[in-house]
Amino acid sequence: MALFQKKTNQPEPQVDFDRLPRHIAIIMDGNGRWAKKRGLPRTAGHAAGAETFRTIATYCKDIGLDYLTVYAFSTENWKRPEDEVAAIMGLLKKYLLEAIGQMERDKVKMEFFGDLSPLTPELRQLCERTREISRHYDGCQVNICLNYGGRDELMRAAKAYAQDCLEGRADPNHLTQDQFGGYLFSRGVPDPDLVIRPSGELRLSNFLLWQSAYAEFYFTDVLWPDFSKEELHRAIAAYQSRNRRFGGV
């Protein structure tokens with residue numbers, strides 16, 4: 001399939017900034033490999049990846065993107081070494097503290113998809129604080145998938161819907177896709193138009209399984225810490241070159 005062919009010597013991408021996708025989702029992959037190639041600890045890769053996220057999120061706001069969703073920490077990532085998990089959580093705390101201080105200036109909204117209950121009380125409080133501030137703004141919304149897994153999300157949604165049926169708040173004979181979407185972490189957010197995965201891997205890795213049903217995919221060998229505005233342009237240009245038929249002709 002042409003979707004999975006890796007291209008080399010690509011020309012400079014031509015992006016029509018009047019036809020941007022409304023919602024871009026990114027699997028921020030390759031931090032560990034980036035660090036290993038440089039003889040650095042994996043934690044250094046996560047620090048570099050955090051700076052790339054900051055750059056790309058700011059740029060998405062600047063060009064007028066409505067939604068950016070990033071895969072920051074999956075339900076499976078708890079299996080990683082304890083010091084690596086601690087480093088990732090430390091970077092998250094640092095980012096949220098800085099974001100809270102700059103949200104009034106930047107007017108970037110933030111939301112979190114995932115089960116935040118395993119996080120420390122301090123981190124949960126910071127997440128809730130950013131949510132509270134975000135309610136006052138319009139504009140680009142950055143969704144951070146934190147302790148998130150697509151299958152976990154669907155299981156939680158199914159259980160919540162079943163409970164509503166048992167208690168008479170929902171009718172099992174009249175369930176629509178839109179209604180079921182209201183039980184997901186992403187409720188109220190349009191599905192992603194474009195899903196980007198750096199690092200050369202060609203899989204979703206349990207990311208936005210329901211929401212990505214009709215998304216366009218862009219894969220690149222570039223590791224996430226090296227992901228640039230130019231690489232984002234390539235992804236958007238590839239998206240704009242495709243004919244989205246949604247099952248039609």
Side-chain angles (χ1 to χ4, degrees), residues 4 23-37 40-53 56-57 67-96 110-124 126-127 142-160 180-181 183-187 189 191-192 194-213 215 217-227:
F4 297 109
H23 182 179
I24 293 176
I26 304 178
I27 300 172
M28 301 187 297
D29 192 25
N31 294 338
R33 276 168 283 173
W34 182 92
K36 184 177 180 181
K37 285 174 62 176
L40 300 171
R42 289 175 59 86
T43 52
H46 292 302
E51 289 304 312
T52 298
F53 163 63
I56 295 299
Y67 296 91
L68 172 68
T69 299
V70 296
Y71 207 3
F73 192 86
S74 75
T75 50
E76 292 75 33
N77 286 157
W78 294 106
K79 302 172 186 176
R80 295 186 175 187
E82 187 175 339
D83 61 337
E84 183 174 343
V85 171
I88 293 171
M89 294 302 165
L91 288 168
L92 174 64
K93 175 184 173 181
K94 179 176 182 289
Y95 176 79
L96 290 178
M110 292 180 65
E111 184 54 78
F112 299 89
F113 296 170
D115 175 17
L116 304 185
S117 62
L119 304 184
T120 65
E122 182 183 26
L123 273 178
R124 291 200 304 272
L126 287 172
C127 290
V142 177
N143 306 305
I144 299 177
C145 292
L146 186 58
N147 192 30
Y148 172 89
R151 287 183 173 181
D152 178 68
E153 178 181 39
L154 292 171
M155 289 288 290
R156 289 172 183 274
K159 290 177 181 178
F180 187 73
Y183 290 89
L184 302 175
F185 290 124
S186 61
R187 53 189 168 272
V189 175
D191 292 341
L194 171 63
V195 176
I196 301 171
R197 178 152 196 173
S199 85
E201 303 293 350
L202 306 178
R203 57 178 177 268
L204 271 177
S205 296
N206 205 16
F207 182 54
L208 301 180
L209 299 181
W210 174 277
Q211 299 89 337
S212 297
F217 292 86
Y218 179 83
F219 300 98
T220 174
D221 290 334
V222 173
L223 301 175
W224 175 246
D226 291 328
F227 194 89

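- In this structure, the separation between CG on Leu204 and CD1 on Ile27 is 5.5 Å, given to the nearest 0.5 Å.
- For the atom pair Glu201 CD and Asp221 CG, the distance stands at 9.5 Å (nearest 0.5 Å).
- Here the closest non-hydrogen pair linking Leu208 and Pro192 is CD1-CG, 4.1 Å.
- Taking CG from Leu146 and CZ from Phe113, the interatomic distance works out to 12.0 Å, rounded to the nearest 0.5 Å.
- Between Leu40 and Ala44, the shortest heavy-atom distance links the atoms CB-CB, 3.9 Å.
- Shown here for Asn77 and Ala72, the closest heavy-atom pair between the two residues is OD1-O, 4.5 Å.
- Taking 4.5 Å as the limit, some side-chain heavy atom of Val85 sits within range of a side-chain heavy atom of Phe73.
- Sequence neighbours left out, the pairs with a member in residues 143-155 that pass salt bridge (charged side-chain N to carboxylate O under 4.0 Å, His left out) are Asp152-Arg156.
- Interatomic distance, Leu154 CG to Trp210 CH2, rounded to the nearest 0.5 Å: 7.5 Å.
- Although no hydrogens or angles enter the test, the distance criterion places no donor-acceptor pair under 3.5 Å between the side chain of Asn147 and the main chain of Gly114.
- Trp34 places no side-chain N or O within 3.5 Å of a backbone atom of Gly45 that could act as its donor or acceptor partner.
- The backbone N or O of Leu119 sits less than 3.5 Å from a side-chain atom of Arg124, completing a donor-acceptor pair.
- Note that CZ of Phe227 and OG1 of Thr52 are 9.5 Å apart. Values are rounded to the nearest 0.5 Å.
- Nearest heavy atom pair, residue Val142 against residue Ala57, reads CG2-CB, 4.4 Å.
- For Arg33 (side chain) and Leu223 (main-chain N/O), no donor-acceptor pair under 3.5 Å exists by modelled atom type.
- Scanning for ring-ring contact (aromatic ring centres under 6.0 Å, His included) contacts around Tyr67 gives His23, with sequence neighbours left out.
- You'll find the side chain of Trp224 stays beyond 4.5 Å of the side chain of Asp29, heavy atoms only.
- Listed by chain and number, the residues in a salt bridge (charged side-chain N to carboxylate O under 4.0 Å, His left out) with Glu111 are Arg131 (sequence neighbours excluded).
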Anything under 3.5 Å between a donor and an acceptor, one on a side chain of residues 87-96, the other on a protein residue two or more places apart or in another chain? List them.
from: Lys93; atom 1: NZ; to: Glu122; atom 2: OE1; distance (Å): 3.4
from: Lys93; atom 1: NZ; to: Glu122; atom 2: OE2; distance (Å): 3.2
from: Lys94; atom 1: NZ; to: Glu98; atom 2: OE2; distance (Å): 3.0

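- The salt bridge (charged side-chain N to carboxylate O under 4.0 Å, His left out) check on Arg187 picks up nothing, with sequence neighbours excluded.
- Closest non-hydrogen pair, Leu209 versus Tyr148, comes out as N-OH, 4.4 Å.
- Shown here are the ring-ring contact (aromatic ring centres under 6.0 Å, His included) partners of Phe207, two or more places apart in sequence or in another chain: Tyr71.
- Ring pair Tyr183/Phe180 is tilted by interplanar angle, where 30° to 60° counts as tilted.
- If you take OG1 on Thr69 and CD1 on Ile196, they are separated by 11.5 Å, rounding to the nearest 0.5 Å.
- No donor-acceptor distance shorter than 3.5 angstrom exists from the side chain of Arg42 to the backbone of Ala35, with no hydrogens or angles considered.
- Between Val195 and Ser212, the shortest heavy-atom contact is CG2-OG, 3.7 Å.
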